[in-house]
Participant: 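Have a look at this one.
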Amino acid sequence: MNGFRKFDDLFWKYMFAYKKRTIFTIFGITLAVILFYGAGTVYTSVYQAYYETNSKKYGNYEAAGTVNPEEYQKMKKLDYIEAMLLYQTNTQTIELEDTERWVEVRQMENFENPIFSYDLIDGHYPEQPDELMLDEYQAEYFNVRTGDVLELQGYEYWYGTVRIGDGEQAFRYLQEHTEYDADGMPTEESLQIEDLEKRTIKTRYRIAGIYESDQEYNDFLIESTPFLSLLDQEKEYREMEVCVQFRNHKNHLQQLAKEGIFLEENEWVTEYLKGYNNSVMDPLLQYILFLLAFIVLFWIAFGIIRNAFEMTLEERVRDYGILRCMGTSQYRLQRLLRKEGFTMAAIGCIMGIGITNVMIGIGKHIWGFRQILQALGIDSAFRLKVSWYLVLGSFIFTFCAVLFSLLEPARQFGKMAPVDAIIGKTLIRKERIKQRNGRLIHWLLGIEGEYAYKNVLRKKGTFLASVIGIAISVIGIMIGISIVHIMNASLDDANRLVLMDDGYDASASFMNGIGKGNEDIKKFEDDLLALESVDKVSSCYATQIPSDGETFGLPDGNGKYYTSYFINGFDEEQIKSLEPYLLEGELDRKALEEGGVIVCRNIRFLNVLNGEPVISKEQKTDLKPGDMLFIPEDTDNFFRADGTIDRDKVIACPVVAVVDYNPNPVLSGTPDVIVSRDYYQAHLIPPDAAAAGLYEIRVCCSEAYDPEEIFEFQKAHKNYYFTDGGVHAEKDMVRGYRQLILMIAGLAAGIGAFHIFNTLSFTIGLRKREFQILKAVGMSKRQILKMLSMEGGLAALFGSLLGIGVGFGTGLLLMLLSGEISSKSEYRLPWEGIPISVWMVVLITLVSLLIAKKELKNVEE
Amino acid sequence: MDIITVKDLTKKYGKDDFEIHAVDHMNLQIDKREIVAITGTSGSGKSTLLHLLGGVIEPTSGDVILDGEKLYELKDEERSAIRRRKIGFVFQSYNLIPILTAEENIISPILLDKKKPDPEYIDELFDMLGMEKWRNHLPNQLSGGQQQRVAIGRALANRPRLILADEPTGNLDHTQAMEIMKILIQSAKKYQQTLVIVTHDMDLAKMCQRIISIQDGKILSDVTNESTLLLDK
Ligand SMILES: Nc1ncnc2c1ncn2[C@@H]1O[C@H](COP(=O)(O)OP(=O)(O)OP(=O)(O)O)[C@@H](O)[C@H]1O
Ligand SMILES: [Mg+2]
């Protein structure tokens, strides 16, 4: 290679001459940069995508709420309100085959406003109040297209919780008849539904356009995505929904409240604005986590670079001695080293940043990552966001690591006289090895062991490098597994919160069950089971018995109070499934058929105690076998016309068994009473009860769950209603996270492995002469390899111990922190990380030995 | 006119019972253009003395005055500059930079001094060393004698006033050793350099003008050798 024109050209000549070392070191730096820059870039990209998604969806409106016309006029005059957007939402139904569905019609002032961005895929935005626009999946579901006319119906006086639609009469009625409680909230009891005349009004809308859905096949979409129309300017609305944008994006909610106008913060938007404080995580905690991450990454980078330099120096101690004798000052030598370090750091940085950018760029197309993005709702907005701060930060980060790494080796080298370096004195000066220990090890492990032990003591630096390498890999794995545990715990939580811990993670029911009987339910079940997405189903027949506080309800633990409960009609199989939970009595089939009941002594709760979520049980009844439970004869018409309960018509049912709790509860928090399915249908529900008393069909989704199939299923059966519960999306997200974390753990393991290979190839290169001497003295190649593997084994042992220790500690810390962030129900330490780490360490050691064997061959040649 | 003045120079190694005076209160003067051999038994302190003369180890006490400058009162930077400009080192074990070719090794001190190598002078050096054919060979592609020639070339690169050679022929057979000696002495004459050679081979020592023999870090004898002049013709 020509081009030795300046003395400092030596630095790259060295880089080329020691190719392997250079490449390993650059790779090490690259991986560290990938970790550092990658974490930062993913964070900024996600943040950016959130911001874009949300500001696209919700505009820059920081507050929203319901106001009346007077309030609206008042708000118009407030100088701290920059912009307002009015809209009106009402609920109407659409008729379908033998059922009907609720839809929300949102009437907007205009469609130019960015607050709700609806991208047209067909037609135009509504221009008249009688024009509608709907979502593409709705259009498919309802089988309508642009230009069609759709008939919706609503009640003129809609009485719900408090919402009043149009109709002066209803409004006045409400004003006159509403009673308010101490908090100024209207009490619902003061209104009787019979007092309001319900009259259906049919409205015909022409479909002006269809807008793009922002989610794929979401079954909630049909209900939650609004039909859009234009506000009727002629009409005088009583209450309007308003979105508000404050001047300079300052938080003026307090001032508004002083005016008597109560709006809610639009957190989707304010999360990204200063002056609001909505972060999921405590900002302090966030900073601490950032700092921790930074320190960890810095030490990894520092460890890699430092060890690389230490080895480099040891390798070149002689060369540098010669250069010193030739008249190179210490400063020049250090400059040479710095140049080499900075060059490698720069290459590593550029490679790391490049690879990360490419990885994030294509990451969108990796299943796991996409799942996460989808779950976060930012899959369409997510783009690689290169933050120049991060790029600069990565360079500073590695350059600092280089400077830092050079300090100690340079200092040690500086202490040596140039001539000493030439004679080949190593940097480690003290060479006092206790003879006694050596002998003990000789006795234990033979001559190879003794040599290995002495070598380790003599070359503490390189030994430490190997230990650190192994430790980094192990720590990566342990922390990765900790995070997977936290993910799993959050998935478990999701399951528990929807009370689907026996694998039932979705449910189905009839839109309209009137007139449906057992055969229809059987067909429904069969239709469900025919789906690829469905594994098994279990029909849940239940009805709720409210408590009147005196006669009905379930006697509670003190025998004093009565609580409402679900009465379940179980088939034989379901009754059998209760066996493990039996506390007292017998699951006697005969007695059950004759009206015997099984009661659940406890119900289970998911509680958060001191920030730690726990599943707790609560005793709900002390009924024992032999006691009587009184069930109203007509569970459908429980109340009399005057609102009181008809206590005369009761059925006395003997308790035949008590179980701990119902593993398949209908609803959280409500105790259960179980009777046989036949008795339930024959005696406890009216013969014409909707869907023969079916509460829901619980569905256990299969691995092949496909939202598209469910969507098609719903389209084909308009009376079937399928609720996913969101568990699948969550599961997919967790799996996605798992994939991502495994990637990160793999990266860490890779860094560690590179580190070890680097150290090893160096050691062998440097010890060529030593090996030759050992061979001359009569050591066989096998013995040398044995000695090397013992050295490797020692490093593996200490590295694993260090890694497992640190990994456990960090895992514990992460779990404690995550407990603060969200509710996780079970802490588990990453025990299985140990066997995985051990396997990996063994693998790395074996590969190292293979490399050693090859290198030894080179030595021979 | 002397180029080197050694004043009460001492170098101790070890401590207490193990204390060794490798160089023991030595006083010495070497004139310009003198060709000096330092001899003595193994462990007598020859190398130590030479290293002290070249400023590559620190003395325990005393100083070396090189061309009027007190070597050990200078800072590392300044002493390094003197080393590369005024002194050329030749070692027993050649000590070439393994990653540089013969030519690159030779020009490295010139580059180190931030100067441009003079091609004519380099050609002349190669010619004198008899190494034209091996200009672009790496050290591990050269024989011991060839490597030592390159090392001499490197020592001469900056036209130093002083050449310090520590058993430059120690690893070579007799004919090779004579060759190397000839090259060293010839170049010293040609470029008017002062040459200090450490050797325990009396045959080689006799090729020099002055023979200093030392023992236990002290000068045992210091004689001028008239016959060399004959040898040298
Ligand atoms: N770095 C050192 N540390 C401790 N003692 C040293 C060191 N260098 C030299 N010595 C001791 O100083 C004495 C003189 O050593 P020196 O190398 O100068 O001998 P020498 O005359 O060159 O011998 P040789 O002919 O074998 O090369 C020896 O006793 C040696 O053990
Ligand atoms: Mg010597």
Side-chain angles (χ1 to χ4, degrees), chain A residues 1-22 312 315-336 340 410-411 413-425 429-430 765-766 768-769 858-859 861, chain B residues 11 13 47-48 50-52 54-59 74-117 135-136 138-140 151 154-155 157-158 160 164 166:
Chain A
M1 185 118 352
N2 254 320
F4 188 44
R5 288 179 207 292
K6 292 194 309 295
F7 181 74
D8 284 5
D9 286 342
L10 255 183
F11 89 83
W12 60 257
K13 286 202 159 261
Y14 267 114
M15 281 177 59
F16 275 106
Y18 293 84
K19 272 195 207 82
K20 213 184 279 168
R21 155 102 45 272
T22 309
T312 304
E315 211 165 34
R316 300 190 202 153
V317 102
R318 212 174 106 101
D319 293 16
Y320 287 169
I322 301 167
L323 290 172
R324 287 281 282 138
C325 286
M326 266 166 54
T328 315
S329 64
Q330 272 177 40
Y331 171 78
R332 291 280 297 271
L333 264 190
Q334 279 174 26
R335 198 172 70 183
L336 215 59
E340 192 176 334
R411 196 184 61 84
F413 189 77
K415 283 197 302 198
M416 291 177 80
V419 159
D420 288 347
I422 288 195
I423 312 165
K425 295 220 163 135
R429 318 194 92 188
K430 276 183 199 150
L766 198 73
K768 263 178 201 176
R769 206 180 283 170
N858 291 344
V859 170
E861 278 154 14
Chain B
K11 175 73 184 177
Y13 286 117
S47 299
T48 309
L50 197 79
H51 294 150
L52 286 168
V56 289
I57 53 173
E58 298 264 343
L74 298 174
K75 289 193 193 105
D76 177 65
E77 190 67 39
E78 297 160 328
R79 200 157 61 232
S80 297
I82 288 185
R83 262 205 312 271
R84 63 178 180 259
R85 294 196 185 126
K86 297 194 175 165
I87 305 173
F89 263 107
V90 182
F91 299 93
Q92 176 178 350
S93 45
Y94 330 133
N95 286 334
L96 298 176
I97 304 284
I99 65 159
L100 296 180
T101 62
E103 181 170 356
E104 288 170 339
N105 260 295
I106 287 178
I107 62 172
S108 57
I110 306 174
L111 296 177
L112 179 61
D113 213 25
K114 293 177 184 160
K115 284 188 293 221
K116 276 224 167 91
R135 271 184 180 235
N136 293 319
L138 286 169
N140 61 9
R154 186 181 60 192
N158 265 339
L164 299 173
D166 190 355

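A note on names: the letters A, B, ... follow the listed sequences, proteins ahead of strands, and every chain is numbered from 1. These numbers were taken from a predicted model, which means no experiment stands behind them.
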Participant: Out of Ile57(B), Leu96(B), Ile99(B), which one racks up the most heavy-atom pairs below 4.5 Å with chain A?
Facilitator: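 Answer, by heavy-atom pair count under 4.5 Å with chain A: Ile99(B).
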Participant: Go through the atoms of Lys114(B) and report whether side chain, backbone, both or neither lie under 4.5 Å from a heavy atom of chain A.
Facilitator: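 Looking at Lys114(B), just its side chain touches chain A.
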Participant: Just so I understand: if I count every heavy-atom pair under 4.5 Å between each of Gly88(B), Pro98(B), Gly54(B) and chain A, which residue has the most?
Facilitator: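 The answer is Pro98(B).
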Participant: Counting only heavy atoms closer than 4.5 Å, note whether Arg154(B) contacts chain A via side chain, backbone, both or neither.
Facilitator: side chain
Participant: Decide whether Asp76(B) and Tyr331(A) meet the rule of one side-chain donor and one side-chain acceptor closer than 3.5 Å.
Facilitator: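 Tyr331(A) and Asp76(B) do not have a side-chain donor-acceptor pair below 3.5 Å.
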Participant: Without swapping roles, check the side chain of Arg84(B) against the backbone of Gly327(A) for a donor-acceptor pair under 3.5 Å.
Facilitator: yes
Participant: Could you tell me whether Glu104(B) and Lys13(A) have a side-chain N and a carboxylate O separated by less than 4.0 Å?
Facilitator: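 Counted as a salt bridge, because a side-chain N and a carboxylate O are separated by less than 4.0 Å.
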Participant: Where does Glu58(B) contact chain A at under 4.5 Å (heavy atoms): side chain, backbone, both or neither?
Facilitator: neither
Participant: Parallel, tilted or perpendicular, judged at 30° and 60°: which one describes the rings of Phe89(B) and Phe91(B)?
Facilitator: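 Parallel.
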Participant: Out of the candidates Asp9(A), Asp319(A), Thr22(A), only one should pair with Tyr14(A) under the side-chain hydrogen bond (donor to acceptor under 3.5 Å, both in side chains) rule; please name it.
Facilitator: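 Of Asp9(A), Asp319(A), Thr22(A), side-chain hydrogen bond (donor to acceptor under 3.5 Å, both in side chains) with Tyr14(A) is met by Asp319(A) alone.
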Participant: Which answer fits Tyr18(A), side chain, backbone, both or neither, if we ask what part of it has an atom under 4.5 Å from a heavy atom of chain B?
Facilitator: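 Side chain only.
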